Undergrad: 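This structure is in structure tokens; I'll ask about it shortly.
These numbers come from the heavy atoms of this one structure, side chains and all, not from hydrogens, waters or symmetry mates. Just so you know, ligand 1 is whichever comes first in the structure, and atom 1 is the first atom listed for that ligand. Model, not experiment: these values are computed from the prediction.
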Amino acid sequence: MSRLIVVSNRVSMPSPDGSQGGLAVALQAALRESGGLWFGWSGREVEQFNGSVSFEEVDGVRSAVVDLEPQDVEEYYNGFANRTLWPLFHYRIDIAKYNRSFGSGYERVNKRFAEPLHVMIEPDDTIWINDYHLIPMASLLREHGIKNKIGFFLHTPWPPTRLLVSLPHHERLVRSMFGYDVVGFQTGEWLESFRHYCENELGGTVEGDYITVDGQRLRAVVCPIGIDFKNFVESGETELAHQLSERMRVSLRQLTMIVGVDRLDYSKGLQERLVSFEHMLSAHPELHRSVVLVQVAPPSRGEVEQYRHVREELNELAGRINGMFAEVDWTPIRYVNRGYRREELTALYRAARVGLVTPLRDGMNLVAKEYIAAQDPEDPGVLVLSRFAGAAAQMSDALLVNPYAPEEVADAIQRALKMPLSERKARFKTLRDGVEREDVHWWREKFVKMIEETETVR
Ligand code: ADQ
């Protein structure tokens, strides 16, 4: 096994309380096994960029991070990554901002990362770049003479060609990807869009997994990310999980709970979800005082104005719906703006008869998988899942819905609430088997193997 170098915008080191997500844990395990290194932005700002690298080793995991200056953070992170590529990759060209300074900041920061990174790379290292923040990284490393195998994994969707061409200099960005040996996507749909772009905009040819453009070849594959299933199930057995379960039991009494857990992001379809719930309450007065929607949504990316708008709209919407339907002893929506630990999330998921995961567009969506992993096999809840989440490709036994159609979502919630135990168990079993089999360790082993075994000539 060669040494693995993982590169992502932010680096996640082992924490003593074990509170990191499954992705961090899986990558840390790979780094530990191979004696590798995780490289990225420290998350800190310094007055002026100085290129100095801070090394750290925690619990057998080594990292190397650099600080950025405020202009870098504004143009690269808040700008091109979060105001341009994130909305565009989630099909929201209506709110994507195409500002020239964002593009140049993005290139500058990628170069600033490539500079110290290339000197750390040894000839046999395998390099794994993550996500839309760092698309040009391979071609920058190649300019420094790096010939190692380099893979790229995109955690978000890849947009259809007709949308992608709205990005100024889209060709340059996509051509830069031909510095990679392997490019991985969450689903066949995103891969298909990528191939379509390469064939139709770059005149490329496709042969099996391989795409060739102007003599440069890469392997484009599907490799869906999973959760740390075992660890997640174990979290449900902890004292913290039991405590919250007990609190929920007391607070719910006879109420049937529906749960939503999302980062507060416009791609997650939160406003549409509340409106669907409102539809259900209007159409089914018999459900009043018997159901409650618990929506947990910790704010994210607060520096970007669209995120502040979503937050305001949600406050307004939750207040309006509660105002319209609440009784002195019943509030239909419990809207909570904070994060919970993994152990607590397992308890929330398990307490809910329905898991409502209705993004308008999502690369994968790990909440859908976590909800399934947390269920009681003897009395499992039902997953209502957006057909526009990457997870839908693997989870066809969920109730798949169009999140833009409030009546359809309301009907699916109704159906989930009424579903007989035998059907719940049958659906759950297939879903749980898939989530357990294709977990996050399966995913990273499969992807690293694909990078390592892909034949390249450089
Ligand atoms: P995200 O958009 O962040 O990730 P998601 O896959 O849903 O989306 O993962 C969110 C993670 O954050 C989950 O593990 C969840 O438990 C956690 N989380 C959410 N709300 C929380 C809360 N209130 N408290 C604590 N934890 C919370 C991006 C892509 C996704 C893709 C992932 C992984 O947008 O499509 O699935 O990367 O590739």
Side-chain angles (χ1 to χ4, degrees), residues 6 8-10 12 17-27 81-82 85-92 128 130-133 152-159 184-187 189-190 222-229 231-232 235-236 240-241 244 259-270 273 294-301 307 310 314 334-350 352 355-374 383 385-386 388-395 435 438-440 443-444 447:
V6 170
S8 56
N9 174 54
R10 293 298 302 276
S12 194
D17 63 1
S19 61
Q20 334 111 63
L23 171 60
V25 171
L27 293 179
N82 287 338
L85 292 183
W86 178 269
L88 169 64
F89 282 18
H90 289 85
Y91 297 33
R92 293 295 307 271
W128 179 355
N130 281 271
D131 238 0
Y132 58 99
H133 311 86
F152 174 80
F153 187 80
L154 182 67
H155 292 261
T156 67
W158 182 270
F185 298 93
Q186 305 269 27
T187 69
E189 189 178 348
W190 319 141
V222 174
C223 191
I225 194 170
I227 61 164
D228 192 344
F229 179 85
N231 187 284
F232 204 81
S235 301
L240 201 56
L244 187 60
V259 75
V261 172
D262 309 76
R263 234 174 1 87
L264 211 160
D265 191 299
Y266 48 82
S267 67
K268 303 292 180 186
L270 290 160
R273 188 178 310 167
V294 175
Q295 176 63 56
V296 184
S300 65
R301 304 177 191 171
Y307 288 79
V310 183
L314 281 167
R334 297 185 192 174
Y335 175 51
V336 187
N337 274 147
R338 52 161 281 200
Y340 282 89
R341 291 176 52 99
R342 185 169 54 244
E343 293 85 345
E344 296 173 304
L345 284 184
T346 61
L348 280 180
Y349 291 139
R350 199 171 175 124
L356 204 46
V357 182
T358 55
L360 304 178
R361 200 61 63 175
D362 217 328
M364 173 54 63
N365 194 298
L366 295 177
V367 170
K369 297 184 173 184
E370 292 170 355
Y371 176 76
I372 291 299
L383 177 64
L385 176 62
S386 163
F388 304 128
Q394 289 170 296
M395 304 183 87
V435 173
E438 297 181 350
D439 71 352
V440 75
W443 168 77
R444 69 99 174 155
F447 193 63

Undergrad: Taking 4.0 Å as the limit for heavy-atom contacts, which would you say applies to L366 with ligand 1: side chain only, backbone only, both, or neither?
TA: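 The answer is both.
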Undergrad: Just distances here: any N/O of H155 and N/O of ligand 1 closer than 3.5 Å?
TA: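 In this structure, H155 places an N or O atom under 3.5 Å from an N or O of ligand 1.
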Undergrad: Indicate the ring-plane relationship of F447 and F153, choosing parallel, tilted or perpendicular according to the 30° and 60° boundaries.
TA: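 F447 vs F153 ring planes: perpendicular.
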Undergrad: Could you list the atoms of ligand 1 found under 4.0 angstrom from a heavy atom of M364?
TA: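 The atoms of ligand 1 under 4.0 Å from a heavy atom of M364 are 30 (C), 31 (C), 35 (O), 36 (O).
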Undergrad: Can you find an N or O of A297 that's nearer than 3.5 Å to an N or O of ligand 1?
TA: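 In fact, backbone or side chain, A297 has no N or O that close.
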Undergrad: If only atom types and distance count, is the side chain of W443 paired as donor or acceptor with the main-chain N or O of E438 below 3.5 Å?
TA: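 Checking the backbone N and O of E438 against the side chain of W443, no donor-acceptor pair under 3.5 Å is found.
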Undergrad: I want to know whether W86 and Y307 have ring centres closer than 6.0 Å.
TA: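 No, they do not, as the ring centres are separated by 6.0 Å or more.
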Undergrad: So, regarding G339 and ligand 1 (criterion: nitrogen or oxygen to nitrogen or oxygen, under 3.5 Å), is there a contact or not?
TA: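 No, no N or O pair falls under 3.5 Å.
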Undergrad: So is G21 close enough to ligand 1, meaning a heavy atom under 4.0 angstrom away?
TA: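 The answer is no: ligand 1 sits nowhere under 4.0 Å from a heavy atom of G21.
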Undergrad: Is it the case that the side chain of N337 and the backbone of P298 share a donor-acceptor pair, with hydrogens and angles ignored and the cut-off at 3.5 Å?
TA: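 Pair absent, no side-chain N/O of N337 close to backbone of P298.
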Undergrad: For G22, does its backbone N or O pair with a side-chain atom of R342 as donor and acceptor, under 3.5 Å?
TA: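 Such a contact is absent between R342 side chain and G22 backbone.
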Undergrad: Could a heavy atom of R341 be found less than 4.0 Å from some atom of ligand 1?
TA: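 Per 4.0 Å heavy-atom rule, R341 does not contact ligand 1.
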Undergrad: Which residue and non-hydrogen atom of the protein lie closest to atom 27 (C) of ligand 1, and at what distance in Å?
TA: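 Going atom by atom, the protein heavy atom closest to atom 27 (C) of ligand 1 ends up being L345 CD1, 4.0 Å.
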Undergrad: Quick one: nearest non-hydrogen protein atom to atom 24 (N) of ligand 1, plus distance?
TA: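 The protein heavy atom lying closest is Y340 N, 2.7 Å.
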Undergrad: Give the atoms of ligand 1, by number and element, whose distance to some non-hydrogen atom of Q186 is under 4.0 Å.
TA: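 Checking each atom against Q186, I get 31 (C), 38 (O).
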Undergrad: Should you measure from each heavy atom of V296, which atoms of ligand 1 turn up under 4.0 Å away?
TA: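 Listed by number with element: 23 (N).
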Undergrad: Would N365 count as a contact residue for ligand 1, given that I'm defining contact as a non-hydrogen atom of the residue lying under 4.0 Å from a ligand atom?
TA: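 Contact present.
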Undergrad: Once you measure the plane-to-plane angle for W190 and Y91, does it fall in the parallel (<30°), tilted (30-60°) or perpendicular (>60°) bin?
TA: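 The arrangement is perpendicular - the two ring planes meet at more than 60°.
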Undergrad: Which of the atoms of ligand 1 are close to R338, meaning less than 4.0 Å from one of its heavy atoms?
TA: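 What qualifies from ligand 1 is 23 (N).
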Undergrad: Under 4.5 Å between any side-chain heavy atoms of V440 and V25, yes or no?
TA: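 With C-beta onward as the side chain, the pair stays apart.
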Undergrad: Taking distance alone, with N or O pairs closer than 3.5 Å, would you say H90 contacts ligand 1?
TA: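 No, H90 has no N/O under 3.5 Å of an N/O on ligand 1.
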Undergrad: Give yes or no for whether the N/O distance cutoff of 3.5 Å, strictly under, is met between G363 and ligand 1.
TA: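 Yes; at least one N/O pair falls below 3.5 Å.
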Undergrad: If you define the side chain from C-beta out and look only at heavy atoms, does anything of L244 sit under 4.5 Å from L348?
TA: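 In short, these two side chains touch, coming nearer than 4.5 Å.
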Undergrad: Might you check, step by step, whether the distance between atom 12 (O) of ligand 1 and some protein heavy atom is under 4.0 Å?
TA: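 Within 4.0 Å: no protein heavy atom nearby.
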Undergrad: So, does T358 use its side chain to make a donor-acceptor pair with the main chain of S386 at under 3.5 Å?
TA: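 Checked: no pair found.
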Undergrad: Report the part of W86 in contact with ligand 1, treating N, CA, C, O as backbone and CB onward as side chain, heavy atoms under 4.0 Å; options are side chain, backbone, both, neither.
TA: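 The answer is the side chain.
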Undergrad: Around atom 10 (C) of ligand 1, find the nearest protein heavy atom and jot down its residue, atom name and distance.
TA: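 Going atom by atom, the protein heavy atom closest to atom 10 (C) of ligand 1 ends up being V367 CG2, 4.6 Å.
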Undergrad: Looking at atom 8 (O) of ligand 1, what's its closest protein heavy atom, distance included?
TA: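 Result for atom 8 (O) of ligand 1: K268 NZ, 3.1 Å.
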Undergrad: Report yes if the side chains of Q186 and P157 come closer than 4.5 Å at any heavy-atom pair, otherwise no.
TA: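 No. Closest side-chain heavy atoms not under 4.5 Å.
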Undergrad: Specify the protein heavy atom at minimum distance from atom 15 (C) of ligand 1: its residue, its atom name, and the distance to 0.1 Å.
TA: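 Residue, atom and distance for the closest contact: E370 OE1, 3.5 Å.
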Undergrad: Counting only non-hydrogen atoms of the protein, does one fall under 4.0 Å from atom 3 (O) of ligand 1?
TA: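 For atom 3 (O) of ligand 1 the answer is yes, since some protein heavy atom falls inside 4.0 Å.
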Undergrad: May I have the step-by-step check of side chain to side chain contact (heavy atoms under 4.5 Å, CB included) for K369 and M395, ending in yes or no?
TA: CA-CA 9 Å; K369 297 184 173 184; M395 304 183 87; 4.0 Å; yes
Undergrad: Between D262 and ligand 1, which part of the residue brings a heavy atom under 4.0 Å of the ligand: side chain, backbone, both or neither?
TA: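 Under 4.0 Å from ligand 1, D262 contributes backbone atoms alone.
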Undergrad: Report yes or no: does D131 contribute a side-chain atom to a donor-acceptor pair with the main-chain N or O of H133 at less than 3.5 Å?
TA: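 No, because the side chain of D131 does not come within donor-acceptor range (under 3.5 Å) of the backbone of H133.
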Undergrad: Going by the closest heavy atom to atom 20 (N) of ligand 1, which one wins out of T156, V261, L264, V336?
TA: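 The nearest heavy atom belongs to V261.
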Undergrad: Are Y132 and N82 close enough that some pair of their side-chain heavy atoms sits under 4.5 Å apart?
TA: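 Sidechains of N82 and Y132: in contact.
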Undergrad: Students should be able to answer this: which protein heavy-atom is nearest to atom 35 (O) of ligand 1, and at what distance?
TA: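 The closest one turns out to be D362 OD1, 2.5 Å.
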Undergrad: Please check this pair: side chain of E189 against backbone of G390, looking for a donor-acceptor N/O pair closer than 3.5 Å.
TA: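 No, E189 side chain to G390 backbone: no donor-acceptor pair under 3.5 Å.
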